[in-house]
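Everything below concerns the one structure shown next.
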Amino acid sequence: MTRPTAKEVKAIADVAGVPVDNETAARIANSIGPAFDGFAAIAGTLQFDLEPSTFVVVQTSKAAR
Amino acid sequence: MSSEPALMSLTAVAKAIADKRVSSREATQSCLARIVRWQPHLNAFMAIEAEEALKAADAADTALAKGDRRGPLHGVPLAHKDMYYEAGKVVTCGSRIRGDFVATTTSTALQRLKDAGTIRLGSLQMAEFAYGPTGHNSHYGSVHNPFALDHITGGSSSGSGAAVAARLTFAALGSDTGGSIRMPAHFCGVTGLKTTVGRISRAGAMPLSQSLDTVGPLARTAEDCAVLLTLMAGADPEDPTAVSGPVPDYAAATTQSIKGLTIGVPTSFYVDDLDADVAGALEATIAAFRREGANIVAVELPDQRQLSAAAQLVLAVEAAAFHKRWLIERAQDYGAQVLMRLQNGLAIPAVNYLEAMRWRGVALAAHLAAVKGVDAVIAPVSPVPAPTIAESDVGNSPDAEAVIQRLTRFTRPINYLGLPSLSIPSAFTRSGLPVGMQLIGRSFDEATLLRIGAAFQRATDFHERVPQLP
């Protein structure tokens, strides 16, 4: 998982339906970069059959309480 | 009994009203008198509804005289963060966009407090759309810290922190998506409870991030938070994410000793790069727990930076999705900082967002394994006490973004894990600024956190310190 460039940010924002100018795209790329870097070790490593609902399963399990 | 009812705790004033030692009118007048004196200095209130509050107080007194006690908080005046819908009331959410929005429903949390007999003093300031950690608000002005007026309150529940600290309300609802209850509690010297995701219904509370949002109280004591939690928690047909099952008597938990409980101290991250006053407060708090009979153990937690990064991805995307229509139609009506934060979420691909959501259960399981046998983990809420308003104003200070990032590093991981966390006043710096510590618990085990917090408050007086007007 690599942080998006300003050019990629601009394209993604356009697709999202909220276009941004070049300056804003550069600012966004800089701002969200650390989150991408921080999550890089996890991204692309998750098991196939893992669903978001696993969180609730773990949260409500006996072990959680 | 204090000669100034507003200085009493929530629990004490509720009992005093029930016993007819203090009338609801006296309690309300006492709060209103303090609001008149403090509001020009703090900017804590969004709306002050003095006339309506006194009318409601008189009605509460009349009902009580006839033996009609509505609930355990009969006649207690409160004000809450201006994001909890109350039918017929303007709910600004700290924004220009919702500056004249009149709610048509009442939030479940608020309704449950009303059903317990509380009356409304008005509404409290907040960061715009609860999306800011400092207390700055470009539309309605910054809220000021009652212990040092040129310092921030923390956010986003800025008005709640300031108003509870200055004894303008006996307690206040806040919300915590990335630290928005715990930071104002830490910076303002009050007690704040971030609840487990699912513990309190979010129906009728302004959304920011459906996966991370939590409702919770800021109050003067852990006991007060326990009373409020007991009243608000539980299933709600209006919010299927609110868990069912019996609600514990949290207030009863606060009477118990902590002898024999095990409290974990992280070996890294939460103890790194701390301001000297915060480091000293952490050591002193641990020593107090030890004196109260708790066992103190070291805990090695999983990488908290990964949790923080995942939290940022989830929050950014969900917030941008909630606001997308206004980002298209009314972008000019957002404050510059909030607009920038919302735009960040536009650039995160769906696959990355979903990976962050899919990993959440794995991360929680890893955390629970790391704290096996530990009843709670102690950590600072923030590495620093409250910075000044000027040095944390992104528009005016070149270092402000770095200051803000540092403020929130210890709170975001807990939101990602959905865990409860109680912030308790634990010290004052040499310059008189409050310092709070957070107790991080297991899912749905708020009772143990409140028990530890109450034991600490029986042994210390940091929560009793009242700020003075300059």
Side-chain angles (χ1 to χ4, degrees), chain A, chain B residues 196-198 211 241 243 245 303 305-316 320-321 323-325 327-328 331 339-352 354-369 372 401 405 416-419 441-445:
Chain A
M1 179 171 161
T2 50
R3 54 165 75 193
T5 63
K7 193 175 172 185
E8 288 165 338
V9 165
K10 189 165 169 48
I12 297 169
D14 280 349
V15 172
V18 191
V20 296
D21 58 29
N22 290 337
E23 187 183 344
T24 302
R27 200 270 311 153
I28 292 173
N30 187 51
S31 186
I32 64 175
F36 276 78
D37 296 343
F39 197 64
I42 307 301
T45 68
L46 300 178
Q47 289 180 16
F48 168 72
D49 50 2
L50 190 63
E51 292 192 22
S53 60
T54 307
F55 171 70
V56 179
V57 173
V58 176
Q59 188 196 39
T60 53
S61 69
K62 202 174 172 184
R65 303 189 182 216
Chain B
T196 309
V197 168
S211 300
T241 68
V243 298
D303 189 338
R305 289 169 191 82
Q306 292 175 343
L307 302 177
S308 187
Q312 287 176 283
L313 294 173
V314 171
L315 169 58
H323 284 267
K324 185 176 171 185
R325 180 174 170 183
L327 285 171
I328 295 169
L339 177 62
M340 285 198 279
R341 291 187 187 111
L342 288 169
Q343 286 172 328
N344 288 345
L346 300 171
I348 296 167
V351 169
N352 297 132
L354 281 168
E355 278 188 303
M357 290 300 293
R358 291 174 65 223
W359 186 55
R360 203 175 182 198
V362 177
L364 178 58
H367 174 87
L368 293 169
K372 191 173 181 186
E401 197 57 48
Q405 286 300 319
Y416 182 69
L417 297 174
L419 295 170
R442 309 176 81 80
S443 305
F444 300 105
D445 192 16

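So you know, we letter chains A, B, ... as the sequences are listed, proteins then strands, and number each from 1. What you are looking at is a predicted structure, and each value in this text was computed from that prediction instead of being measured.
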Exercise. Among D37(A), V57(A), L50(A), V15(A), who wins on heavy-atom pairs under 4.5 Å with chain B?
Worked result: L50(A)

For this session: Name the member of L327(B), D303(B), N352(B), V362(B) that forms the most heavy-atom pairs with chain A at distances under 4.5 Å.
Result: N352(B)

Problem set entry | Heavy-atom proximity to chain B below 4.5 Å, by part of Q47(A) | backbone

Exercise. Could you go step by step and tell me if L313(B) and F36(A) meet the side chain to side chain contact (heavy atoms under 4.5 Å, CB included) rule?
Worked result: CA-CA 8 Å; L313(B) 294 173; F36(A) 276 78; 4.2 Å; yes

Exercise. Is it the backbone or the side chain of V351(B) that comes under 4.5 Å from a heavy atom of chain A, or both, or neither?
Worked result: neither

Problem set entry | Under 3.5 Å donor-acceptor, E355(B) side chain and F39(A) backbone | no

Seminar exercise, completed: Rounded to the nearest 0.5 angstrom, the CG-CZ distance for N344(B) and R27(A) is 4.5 Å

Problem set entry | Under 4.5 Å from any heavy atom of chain B - which part of T24(A) | side chain

For this session: Might you point out which heavy atoms bring A35(A) and A309(B) nearest each other, and give the distance in Å?
Result: O-CB, 3.4 Å

Exercise. Picking from I12(A), L46(A), V56(A), V9(A), which has the most non-hydrogen pairs under 4.5 angstrom with chain B?
Worked result: L46(A)

Exercise. Which atoms of L307(B) come close to chain A, meaning under 4.5 Å heavy atom to heavy atom: side chain ones, backbone ones, both, or neither?
Worked result: neither

For this session: Report yes or no: does Q312(B) contribute a side-chain atom to a donor-acceptor pair with the main-chain N or O of I32(A) at less than 3.5 Å?
Result: no

Exercise. So what's closer than 4.5 Å to chain B heavy atoms on V18(A): side chain, backbone, both or neither?
Worked result: both

Exercise. Can you find a pair of side-chain heavy atoms, one from F55(A) and one from M357(B), that are under 4.5 Å apart?
Worked result: no

Exercise. Under a 4.5 Å heavy-atom cut-off, does chain A meet the side chain of A356(B), its backbone, both or neither?
Worked result: both

Problem set entry | Closest heavy-atom pair and its distance - R358(B), P52(A) | CG-CD, 3.7 Å

For this session: Determine the option with the most heavy-atom pairs under 4.5 angstrom with chain A, choosing from K372(B), Q343(B), R341(B).
Result: Q343(B)

Seminar exercise, completed: Scanning both residues in full, the closest heavy-atom pair of G418(B) with Q59(A) reads O-NE2, 4.1 Å

Exercise. Going from CG on L346(B) to CG on D14(A), what distance comes out if it is rounded to the nearest 0.5 angstrom?
Worked result: 10.0 Å

